[in-house]
Amino acid sequence: MTKMTTLADLASARQAKIAAAGTELPAASYPMNELAQALHPASQHLVIEEVIDHGPAARSFVLAPDPSRGTSQLAPFQPGQYLSVRLRIGASYLTRPYAIRSTPKEAAAGHYVLTVKLVENGVATPYMWDHWQVGTPVTTSAPGGELFYEPLRDARQLVAIAGGSGITPFYSTAAAILDGSLDAELTILYGSRKADQVLLGEELATIAAKTPKVKLVNVLSEEERPGFAHGLIDAALIKRFAPAGDYSVFISGPTAMDRFVTKELAQLDLRPGRVRHELTGNTARPDHFAGYPLANADQTFSLTVHTRGQVVTIPARASESLLITLERGGIVAPAMCRSGVCSVCRSQLLDGTVFIPKELDHRRAADADFGYVNPCVTYPTSDLTLAVPVPDYALEFE
Amino acid sequence: MMADQYDVIVVGAGNGGLLAAATAAKLGKKVLVLEQHNLPGGAASSFVRGRFEFETALHELAAYGPKDNPQPVQQIFHWLGIDLEMHEIPGVYRYIITGEDGFDIALPNGREAVIAAIERAVPGSKAAVSTLFDYGEQCLAAIDMLQAGKSMAEIGQAYPVFVKYATRSYQEVMTELGIPKKAQQMLDAYWCYIGIPSDEFEFPYFAEMLVTYVEHGAYAPQKRSHQLTSALVKSIQEHGGKVWFNAEVEQILTKAGRATGVRVGGQEIRAKAVISNALPTTVFGKLLTEEAVPARARQLENARQRGTSGFLVYLGLNKSAEELGIKDYSVFISSTGDSREQFERQKTIADNDFMIMNCLNLAVPNCSPAGTAILYATQLYADGTWDQVQPGDYQAMKEEIARRVINEYEAATGITIHDAIEEIEIAAPATFARYMHTPNGDIYGYYGAPWDQTMGRLTTLGQDAQPLPHLFFCGGGSYMMDGYSSAYFSGYTVAKLACAQIDKEGESND
């Protein structure tokens, strides 16, 4: 390039550079965009390859990519992460987060396994029991969630505390330790009421038998049996089975268990960050949280929803989260964790008042200031108006 | 003909797009902002992990100034009705070069303090460094005149230094002034904010940037960048504008060679002007039909090089900055003090050892709970450096580089942080591609080749401001380089340009 000594020289050097360039159009995508797409696709189009029964109330669904709908590879994940499954049930569009029970190695080989417990009187699981068969198309999000071992942050010794189907993220963790892809040691404390309610008990026992890095303790609260611990997962029990030295505790299960275990753990004086939770949508009714302002949660308000210039008004039960209200109202609301953590459902409250349980309020500070809420953990306490950012995957529900 | 639903549609709610939309709305225009992500800001955002809310991108906001002496960014914010709690960042930076002929220098705020600190480290540098600051002050004033629309002749008369050195490199001018090499290195750490090594970084801009930070200070918001961007969204809405999130523009519509609107979610929306915060690469490669892209725009695009991407490690520590012994907001670290060498090494994953570590608590004392601290490390990687990384290797690779960055910081400063990590998140080029949809995870727009820095871009602004009629660009792909204040200025200026054109054409149509 010629030496530029004046602005006029600079201008002509610039014009010469531009004039010498070709007229082909830039590419629409680049390697980092492809990598981001492989890691975090907006949607994964899958198909059910196998259904496995675990007694009358639990099933595993083996999912494979569905190239006919544009997914040829499964996104990799960290053991402990979940998929948000998208369901269209009647007029409702809803999502459910389910931890991936299989391993990252199996995902690389083309399978995710979701193991689901049937929730009597539930919405999603009875639908899945009725409709999900071999060959059924299923659409999910990319893997998400924070309940995974991060070597720069967590102790290498993990204590996993699970209740009910909350065992699935730890099954994946245990299996990844066994197959050598995860370098950590795991003690699972798995609470169930009775022995026949233990999910994946034999399979977990098989993993534990094969590697000294995985220890399994089944804890029964309503039954005494040889080979099982008895009682609740309290501080004494955790202390009894926790390894010597530094360890991290991961908790996955229903709110009641999570609250109880969290309270018990406070007695053990672990350093901040050593206890990590995932609620995967299992949050309690709003009037079960401290500070609930209404005398009666069994009333109904009116919710006006703004979506891309459209306005609709739907009824909003005080006892239900705004996300459930939106889903009930046939609005495609974005959602992932359903526990107030991921902020995917972030929406703008234009008018009205709400209750957000303090322990579920993980919003950005400015969002709280400027009137944005996560509908999944927000409950109406008046008539209200909400602007909801309907996602582009709105039509990708099955 | 179908009526226009909006005066201005802004594609992308990055800093430039938000400012453009806020400006147009403030000027009374009907505005719609379309953002593909569910948050405003692009890179300028925040995220929560556990007890911490992390700053994603901002190192130091320039041209803001104190309340009693507001600089241009604060003036624009006030005009838009925005008044935020901002904190002045203490000190300019600490710069540690660990290799041969290395140094460890902390530059305090203020011109005379910086000159004195460098004189202590490099005796005999004082006079030349003082002249550098004189020149920088003139360049700053000249660029203000340029922003105000003054002619080059007028500017040349008032500030001849600006015109004399307009096309020379920062390093070349420092050498001409007789600044010793080591002192030059101490004064060129800011190359990384724009991603151009000092031997080809245009003098006026670099000198102006140095003076701005040293003499007018730098600022950080109380509640991370998300507070700035949320305030801008609020301003847009208060002036009647609309902001749609999760709304990725599929196409920019044209008719007879002019931009006429966009298609989003299958819906066509008309506007008198479209301002794109998305880079021209994206607009020309994805959003316009092939025949709508003029030859000149294609050639400009093809003549340019893509800018850099970033690698960031966000750390929530369970000890306070005081307990850890951290005394500096910004620490720049490398084994070599030569910015050209630092720049070349960011083209490799293995050898890139230039990093910045920020401790937000030094600037924003209550940004995390008592007894904790927020740190974040930044590295730049040149376009293409990560291209061969496979999905299955990505996580392990991020971990490895994060570990290296933490080790490098600990070795250079003697401060131990690895055993205090309560939260960690790692962002790599694919992270930026994921959240911003920029080509190859670019964060800086185009690389500033000597012919394609701010001076060069200004020389053809008249020709390139609207690659096709009624389509404008703001942000890092516009006439300024990357950075918050530059994005704000470009958004502001381009919106005014677009609004003036709408008004003029409105009159001629009447």
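Quick note on labels: first sequence line is chain A, next is B, and so on, each numbered from 1. What you see is a predicted model; the values in this text were computed from it and never measured.
- If you tally non-hydrogen atom pairs under 4.5 Å between each of B:Gly265, B:Ala231, B:Ser309 and chain A, the highest count goes to B:Ala231.
- Of the atoms belonging to A:Gln73, not a single heavy atom falls under 4.5 Å from chain B.
- Options B:Arg304, B:Glu290, B:Glu425, B:His418 differ in how many heavy-atom pairs under 4.5 Å they form with chain A, and the most are formed by B:Glu290.
- By the ring pair (Phe, Tyr, Trp, His ring centres under 6.0 Å) test, A:Tyr372 is found to be paired with no residue, residues two or more places apart in sequence or in another chain being considered.
- If you take CE on A:Met32 and OG1 on B:Thr438, they are separated by 11.0 Å, rounding to the nearest 0.5 Å.
- Closest approach of A:Gln15 to B:Gln463, counting heavy atoms only: NE2-OE1, 2.8 Å.
- In this structure, chain B has heavy atoms under 4.5 Å from both the backbone and the side chain of A:Leu152.
- Residues B:Glu399 and A:Pro151 are in side-chain contact: their nearest non-hydrogen atoms beyond the backbone lie under 4.5 Å apart.
- A donor-acceptor distance shorter than 3.5 angstrom exists from the side chain of B:Glu53 to the backbone of A:Ala365, with no hydrogens or angles considered.
- Heavy atoms only, all atoms of each residue included: A:Ala21 and B:Ala303 are closest at CB-N, 3.7 Å.
- Of the residues considered (B:Pro221, B:Ala247, B:Gly371, B:Ala449), B:Ala247 shows the highest number of contacts with chain A, using heavy-atom pairs under 4.5 Å.
- Checking side-chain atoms of B:Asn38 against main-chain N and O of A:Ser343 turns up a donor-acceptor pair under 3.5 Å.
- A heavy-atom distance below 4.5 Å is found between the side chains of A:Pro334 and B:Asn246.
- Heavy atoms of B:Val233 lying under 4.5 Å from chain A belong exclusively to its side chain.
- From A:Arg364, atom CZ reaches atom CZ of B:Arg224 across 11.5 Å, with rounding to the nearest 0.5 Å.
- Of all the listed residues (B:Arg296, B:Arg434, B:Lys223), the one sharing the greatest number of non-hydrogen pairs under 4.5 Å with chain A is B:Arg434.
- What you find for A:Arg271 and B:Ile421 is that their closest heavy atoms are NH1-O, 3.8 Å.
- Scanning both residues, A:Leu39 and B:Pro391, for their nearest heavy atoms gives CD2-O, 3.8 Å.
- The structure places CG of B:Asp387 at 9.5 Å from CG of A:Leu35, a figure rounded to the nearest 0.5 Å.
- Within the model, atoms CG of A:Asp9 and OG1 of B:Thr459 stand 11.0 Å from one another, a figure rounded to the nearest 0.5 Å.
- For A:Pro272, the parts sitting under 4.5 Å from any heavy atom of chain B are the backbone and the side chain alike.
- Expressed to the nearest 0.5 Å, how far CZ of A:Arg308 lies from CG of B:Leu32 amounts to 10.0 Å.
- In this structure, the portion of B:His437 lying under 4.5 Å from any heavy atom of chain A is its backbone and not its side chain.
- Taken to the nearest 0.5 Å, the CD atom of B:Glu423 stands 4.0 Å off from the CZ atom of A:Arg276.
- A:Arg153 is linked by a salt bridge (charged side-chain N to carboxylate O under 4.0 Å, His left out) to nothing, counting only residues two or more places apart in sequence or in another chain.
- The environment of NZ in B:Lys398 is crowded: more than 12 heavy-atom neighbours from other residues, nucleotides or ligands sit within 6.0 Å.
- Heavy atoms closer than 4.5 Å to chain B are found nowhere in A:Gln37, neither backbone nor side chain.
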Can you check side chain to side chain contact (heavy atoms under 4.5 Å, CB included) on B:Asp383 and A:Tyr30, steps first, answer last? CA-CA 10 Å; B:Asp383 178 45; A:Tyr30 298 86; over 6 Å; no
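- Counting heavy atoms from C-beta outward, B:Met455 and A:Arg14 have side chains that stay 4.5 Å or more apart.
- Taking chain A as the reference chain and counting heavy-atom pairs below 4.5 Å, the highest number among B:Ala297, B:Gly392, B:Gly456 is found for B:Gly456.
- Interface remark: A:Asp369 contributes side-chain atoms only to the contact with chain B (heavy atom separation under 4.5 Å).
- In terms of heavy atoms, A:Glu24 sits closest to B:Asn302 at O-ND2, 2.8 Å.
- Per-residue heavy-atom pair counts under 4.5 Å with chain A were compared for B:Arg403, B:Gln267, B:Lys234, and the maximum is reached by B:Arg403.
- With a 4.5 angstrom heavy-atom cutoff, A:Ala19 touches chain B only via backbone atoms.
- Counting all heavy atoms, side chain and backbone alike, B:Asn440 lies closest to A:Asn33 at N-OD1, 2.7 Å.
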